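Computed from a predicted model, the values in this text were never measured in an experiment. Chain letters run A, B, ... following the sequence lines, proteins first, then strands; residues in each count from 1.
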Amino acid sequence: MGGLQKKKFERGSAANYITRNKARRKLQLSLPDFRRLCILKGIYPHEPKHKKKVNKGSTAARTFYLLKDIRFLLHEPIVGKFRDYKVFVRRLKKAYGKTEWSAVERLRENKPTYKLDHIIKERYPSFIDALRDIDDALCMCFLFSTFARTGKCHVQTIQLCRRLTVEWMNYVITSSALRKVFISIKGIYYQAEVMGQLITWVVPYQFSHDHPTDVDYRVMATFTELYTTLLGFVNFRLYHSLNLIYPPKMDSKVEMDQMEDDDYAMTSESNSEKLSALSASLARAVSSAEEEEAELDQFPVEGEDIEQMEAKEKEQKQQKLFKGLKFFLNREAPRESLAFVIRCFGGEVSWDKSLCIGSTYEVTDETITHHIADRPNIEKQYINRYYIQPQWVYDCVNAKMLLPVEDYFLGVNLPPHLSPFVEEKEGDYVPPEKLKIMALQRGEKPANEEEEEDEEEGEEEEEEEGDEEEEEEEDEEEEAEEKNLKMMEEQRSQGKSLQVKVTPGKVKAENSARLEEEEKAEEKRLAIMMMKKKEKYLYDKIMFGKKRKVREANKLAAKRKAHDDAEKSKKKKAKK
Amino acid sequence: MEESSKRSEQRKEMEKERKKGEKKRRKEEEEEEEEILIFNHKSAEKEKEDEDLSDSEDSVFSGLEDSGSDSEDDDDDDEDLKVDQNLSQQVKKEEDVQSSLKKKDEEEEVKRDEYEHDSSDEEDIRNTVGNIPMEWYKDFPHIGYDLDGKKIYKPIRNKDELDDFLDKMENPDYWRTVQDKQTGSDVVLSDEQVELVKRLQRGQFGDVNFNEYQPQVEFFTQEVMLHPVTNRPADKRSFIPSLLEKDKVSKLVHAIKMGWIKPRRDSRDDSRGRYYDLWASEDTSNLARHRMHLPAPKIPLPGHHESYNPPPEYLFTDEERALWEQQDPVDRKFPFVPRSFSSLRLVPAFPRFIHERFERCLDLYLCPRQRKMRVNVNPEDLIPKLPKPKDLQPFPTTQSLVYRGHSGLVRSISVSPSGQWLASGSDDGSVRFWEICSSRCLKTVQVGGAVKSVAWNPNPSVCLLAVALDSAVLILSPALADRQVVLSSDRLLSAPQEAEPIEGDGLVNWSDTEGEELNQGIRLKIQHPKAVQQVAWHTKGDYLASVMPDHSSHLQVLIHQVSRRRSQNPFRKNKGLVQSVSFHPIRPYFFVATQRSVRIYNLVKQDLTKKLHANSKWISSMAVHPGGDHVICGSYDCKLSWFDLDLSTKPYRMLRHHRKAVRSVAYHRLYPLFASAADDGSIIVCHGTVYNDLLQNPLIVPVKVLRGHVITHELGVLDVTFHPTQPWIFSSGADATIRLFT
């Protein structure tokens, strides 16, 4: 042994943690810089198991970081850049103070910048890691790309975000990776499957933002800085995985066609606009014809993989959902979203020329099959196309099949739009619309199914009620018996000669199964009594959660029933 | 008067004239203004040129700054410049011109000197008022003062419009007549003067003789001339390098050397937007780097509630909405109110979108992350695997008989050792004897007080019942047995006559009963000093313990010997409120349950052998296993504790089966059963196997919950006893009934 005895808080868990302020002092950074560094490097606080031990006996609320994390930050080259920036600001201030404009100019031109490439590489050592974490990046970029140039952030950032998101959408279109779409009140959720990773992002509706005052935009901007870098690299890699040219260019054939149409297509700005119109396919490094030839042969690996094969087939079918359909978007329909979704599933889409650049055909085109409009009526209608509301497209995508258009005609009350992300487990409430769609997917006729479901539900309910009733009955029986006994006793105590009378007894039909069940229930109840306290607590908790779930499901069902009844009665009244 | 009128007339005329003159002057002024403007243009251009020149010269030849810019002035330029410089003071300029004209007029003959054209400090000699606006004199008859200080009077002018007109028509020199403001007189311009004006108007030099196309003399050419242009010696600074500049340059050079100043970057945007294949070489070494990193959890996916057009059941009803609004934002199940829109175009922007993203950002970098192990337990697995109750039969399962007759709470019941009779004591002051099989009440003994406890003598050879009421213990001989047994019990009671209690210390009074009471079967009355709560027999049937709970006294338990009619107080100290006592079935031990603990005394050695700590607040009852190694205690805080005396002084198992206070517990004499009765009206029968093997702990399995008693006045079952031979259980309740479960 030997050596000095360590003091109280210099070993154990206290030595593994460091408070935020100490960490800041160790790194010699200001709080905003420390924050930025934490954001960029993905360092987050840790909650020690024994707070009091770590906090040197005090119970004051403090944020703790792992000492290892902070040591790891010490070697970060970006820290040096932060310091450079600090110096730069100081010099600039000085130059301003001395009104040395040439110096100001020189300093400004040499403003220190930093690159985040190595951080991205470090945080996401493999590409899949990056893909896994790209949800937030996409959400943020999509949000920033909708910002107006109001000074909440740099214009370049907004433009970069827009560029990257458009690139992403173009990639999703080309790889037809989109799986689910959901129109929520917050925005439109998209879910794509890229390299086996499910990636979900939300795009806000195209309105100007009411910028809140209680939001720190510097934090958001720092995140965006990181995310744009990440998204750029991911886009690059994804484009190259599809043999596409990055930065994306439009297919030369298409471009040639359009060049004839309008001369200004050459300028880079309108080029990016065209890209964002999502109507043209992208240029490939290797021409597409060659690639198609080299399509892989499919080897049936093993017999057990049939299910997987089927799933794959289904997926492919879904990817070509809108193949051969020609859509035309009316001007009030959300163009970008619809164009994105339709193109993802192989449909053709166009819009009014005056609405946006990149429309491919006119309203008058005879081959248009679906005209998407979001207004009660359109005056001039063509006979050979369906006039439908935008929800049809989204519902079709989620149902993975073309739904009947009748429910989605203009002016018709739309069926509810369901979330494709909900996967009902056993015992959960399933809205009847979902059941309907599921039936359609199975290839059944819709009308019968609904009724059946209703009946089933009804039966179940009845059964439940029946159980209760039976129990009650038993109780009643017992009570009755007791009453009889009482009567007899009373008679006896009154000293009257008992009116002995033998009535033929009824054979009590004993439901053996039921008895057994009861017995089992009793057994369980007794066993639960013998549980240990800890286990009992856990068990009660689990059972409480289960019961709550059931209660909620029942509540929803009851609400639905009440609503349907109200609707029915309304209809009846209307008929009368 | 006439004179004055004349004067006034004169004045008027003068004024008129003046006005006319003014008008005329104005016209002339306008004309001249034009000229001046023209001049201005020219001169301005010239000036510019001059400036340019001088500037360039300045910068290029800093040494030759004043090599002759003043001296080189052109003769004629001077005048123009003079005029130009103050454009605003037009009148003055006009006068200048005029003065110059006059000057020329007068001094044409005068020999030219070097100040010939310099009119700056030249004064009009005829009028000494100086360079002032002549309007100042418009109200005076004079117009100024001559050199001698005499007034110069305005010339009397009586020209009116007509005169003017006539003048204009007739006078051939009218066009060249100009009014001299200084003197107020008309001046006829000479031919030369007219010529000068014309030249000026045309924009030509005033001097006729001036040749504007003179050959240029180039002072500064590329050819180095032999002699300097000026005599001025060059400045020293023109051939010595500037120290100031040197200092500046050296500073810059140093800064560049030190890397403080960097060359400008030309392309800055490229570095930002350039992407490449970052993951081209995925090395595993980087992957292996250990960090306690947890990936951030993803945002939960939206459910049906969030849809823009959800199914109607997902929308809030009014109550739900009110509840949502009342709730704290943290407690809400959803951070938004589900809404429904009939079409997509009606959906507004979500006001909290930026907030939500921001909160996500905060979560990502400010929230501690923790790996939370989710208990993925099947709740069925948590239930302990116990032997099935079916396999543990026999035990009482159904209520088979109800014994009715009492009119008050039945506090206590006891079964005769033969198993044929049941005695019960009730608050209505009666003790009843029942035949168990037929539920007939065979005998009722009115004892005249609420019966607290009854106990059959466990000795099968006697038939005695101890009854505790108020402060007395009665020994009854109900005569419900063979003649032999009755006789032997009588003998037992009558035996002690010979040895009179001396050591009874006067606390307890033994007395035989007489008369009515004797007829009812009450044989003995043991009068206690305090209210007796419980009585308990020793197995042999000779000793009887009675409990008189009292906080302040050591006299709480008395042990009586019936055969000798002796009583003794075994304890000298008060160790707490005694709840119940019991004899060990085999060995000479005595169990005393106080509020919190059970003490076990060795009666032979007369000392404390063990103290069992029941982890409960208030023990209500106690029962000793027929083997004598196990004790169960029921308590008012709903617990039942099983003590294994060989194991520890702490309970081997605590059972919390009851919802309310446990009133009574009991062991079966033969079967491995025990039961507890509580105020919730239920009796729980448990199987409790005790193994002879010391290594194996007793197995406790609840086998049946028996219900039947009606809860009255918050009291349920008050006492419970097993049948001595059958797996039957009797219970007495607050509803004045006794029930038999078989």
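Residues L364(B) and Y44(A) form no side-chain contact, since every pair of their non-hydrogen atoms from C-beta on lies 4.5 Å or further apart. A 4.5 Å side-chain heavy-atom check between F350(B) and V202(A) finds every atom pair outside the cut-off. A heavy-atom distance below 4.5 Å is found between the side chains of Y314(B) and P431(A). Annotation: side chain of I354(B) is in contact with side chain of Y217(A) (closest heavy-atom distance under 4.5 Å). K186(A) places none of its side-chain heavy atoms less than 4.5 Å from the side chain of R352(B). Between L344(B) and Q389(A), the closest side-chain pair of non-hydrogen atoms is not below 4.5 Å. With contacts defined as side-chain heavy-atom distances shorter than 4.5 Å, the pair D117(A)/Y276(B) qualifies. The shortest distance between side-chain heavy atoms of L418(A) and S307(B) does not fall below 4.5 Å.
Counting heavy-atom pairs under 4.5 Å between each of H355(B), R360(B), R653(B), R369(B) and chain A puts R369(B) at the top. Annotation: maximal heavy-atom pairing with chain B below 4.5 Å, among L107(A), L116(A), T222(A), L143(A), occurs at L143(A). Your options are L526(A), V219(A), N235(A), T200(A), and the one with the most heavy-atom pairs under 4.5 Å with chain B is L526(A). With respect to chain A, the highest number of heavy-atom pairs below 4.5 Å among R656(B), H305(B), K388(B) belongs to K388(B). For the options K385(B), K704(B), R339(B), M654(B), heavy-atom pairs under 4.5 Å to chain A are most numerous at K704(B). Comparing P415(A), A558(A), P212(A), G187(A) by how many heavy-atom pairs each has under 4.5 Å with chain B, the most go to P212(A). The most heavy-atom pairs under 4.5 Å with chain A, out of P348(B), A296(B), C686(B), P351(B), come from P348(B). When the candidates K532(A), H118(A), R20(A), E552(A) are compared by the number of heavy-atom contacts under 4.5 Å with chain B, E552(A) comes out ahead.
Between atom CD of residue Q370(B) and atom NZ of residue K49(A) there is a gap of 8.5 Å, rounded to the nearest 0.5 Å. Expressed to the nearest 0.5 Å, how far OH of Y239(A) lies from OH of Y275(B) amounts to 12.5 Å. A distance of 12.0 Å separates CZ in F142(A) from CZ in R357(B), rounded to the nearest 0.5 Å. Residue F207(A) holds its CZ atom at 13.0 Å from CZ of F353(B), rounded to the nearest 0.5 Å. For the atom pair SG (C361(B)) and CG (D216(A)), the distance works out to 10.0 Å, reported to the nearest 0.5 Å. Note that SG of C367(B) and CD of E47(A) are 10.0 Å apart. Values are rounded to the nearest 0.5 Å.
Contact check on K298(B) versus D136(A) returns no salt bridge, with no Lys/Arg side-chain nitrogen under 4.0 Å from an Asp/Glu carboxylate oxygen. Ionic pairing of E380(B) and K524(A) is present here: one or more N-O contacts between side-chain nitrogen and carboxylate oxygen are shorter than 4.0 angstrom.
Contacts between K541(A) and chain B at a heavy-atom distance below 4.5 Å are absent for every atom of the residue. Only the side chain of F147(A) comes within less than 4.5 Å of a heavy atom of chain B; its backbone N, CA, C and O stay farther away. Contact of D564(A) with chain B is not made at all, since no heavy-atom distance falls under 4.5 Å. Residue contact with chain B, scored on non-hydrogen atoms closer than 4.5 Å, involves the backbone of L198(A) exclusively. Both the backbone and the side chain of V705(B) have a heavy atom closer than 4.5 Å to some heavy atom of chain A. Interface residue E535(A): backbone and side-chain heavy atoms are both found under 4.5 Å from chain B. For chain B, the nearby part of L164(A) is the side chain; its heavy atoms alone come within less than 4.5 Å. For chain A, the nearby part of L386(B) is the side chain; its heavy atoms alone come within less than 4.5 Å. Contact of F358(B) with chain A is made through backbone and side chain together, with heavy-atom distances under 4.5 Å. Residue H563(A) touches chain B through its side chain alone, counting heavy-atom pairs closer than 4.5 Å. Heavy-atom distances place no part of Q159(A) under 4.5 Å from chain B, backbone and side chain included. For L278(B), the parts sitting under 4.5 Å from any heavy atom of chain A are the backbone and the side chain alike. Of the atoms belonging to R132(A), it is backbone heavy atoms, and not side-chain ones, that fall under 4.5 Å from chain B. The parts of D214(A) that come within reach of chain B are both its backbone and its side chain, each placing non-hydrogen atoms under 4.5 angstrom from that chain. For a residue to count as touching a neighbouring chain, one of its non-hydrogen atoms must lie under 4.5 Å from one of that chain's; by this rule P310(B) touches chain A with the backbone only. Looking at E359(B), neither its backbone nor its side chain comes within 4.5 Å of chain A, counting heavy atoms on both sides. Neither the backbone nor the side chain of Q206(A) comes within contact range of chain B; no heavy atom of the residue lies under 4.5 Å from a heavy atom of that chain. For P334(A), the part lying under 4.5 angstrom from a heavy atom of chain B is the side chain only.
A donor-acceptor contact shorter than 3.5 Å links the side chain of R345(B) to the backbone of D374(A). The main-chain N or O of L315(B) is found under 3.5 Å from a side-chain atom of K559(A) such that the two form a donor-acceptor pair. Counting only distance, with no hydrogens or angles, the side chain of D277(B) and the backbone of F236(A) share no donor-acceptor pair below 3.5 Å. Under the 3.5 Å distance criterion, the side-chain polar atoms of W279(B) are matched with a main-chain donor or acceptor of Y124(A). Judged by distance alone, the side chain of H304(B) and the main-chain N or O of S419(A) form a donor-acceptor pair under 3.5 Å.
When the shell of 6.0 Å around CG of D318(B) is examined, it contains 12 or fewer heavy atoms from other residues, nucleotides or ligands. More than 12 heavy atoms of other residues, nucleotides or ligands lie within 6.0 Å of CG in D381(B), so this atom counts as buried by the packing criterion. Dense packing is recorded around CG of D391(B), with more than 12 heavy atoms of other residues, nucleotides or ligands lying under 6.0 Å away.
Contact between A527(A) and I383(B) at its shortest, heavy atoms only, is CB-CG2, 3.4 Å. Closest approach of G303(B) to F182(A), counting heavy atoms only: O-CZ, 3.6 Å. Across every non-hydrogen atom of I542(A) and P379(B), the tightest pair is CG2-CG, 3.9 Å.
Ring pair F223(A)/Y365(B) is perpendicular by interplanar angle, where above 60° counts as perpendicular and below 30° as parallel.
Here the rule is salt bridge (charged side-chain N to carboxylate O under 4.0 Å, His left out) with K555(A), and of E313(B), E320(B), E319(B) only E320(B) fits it.
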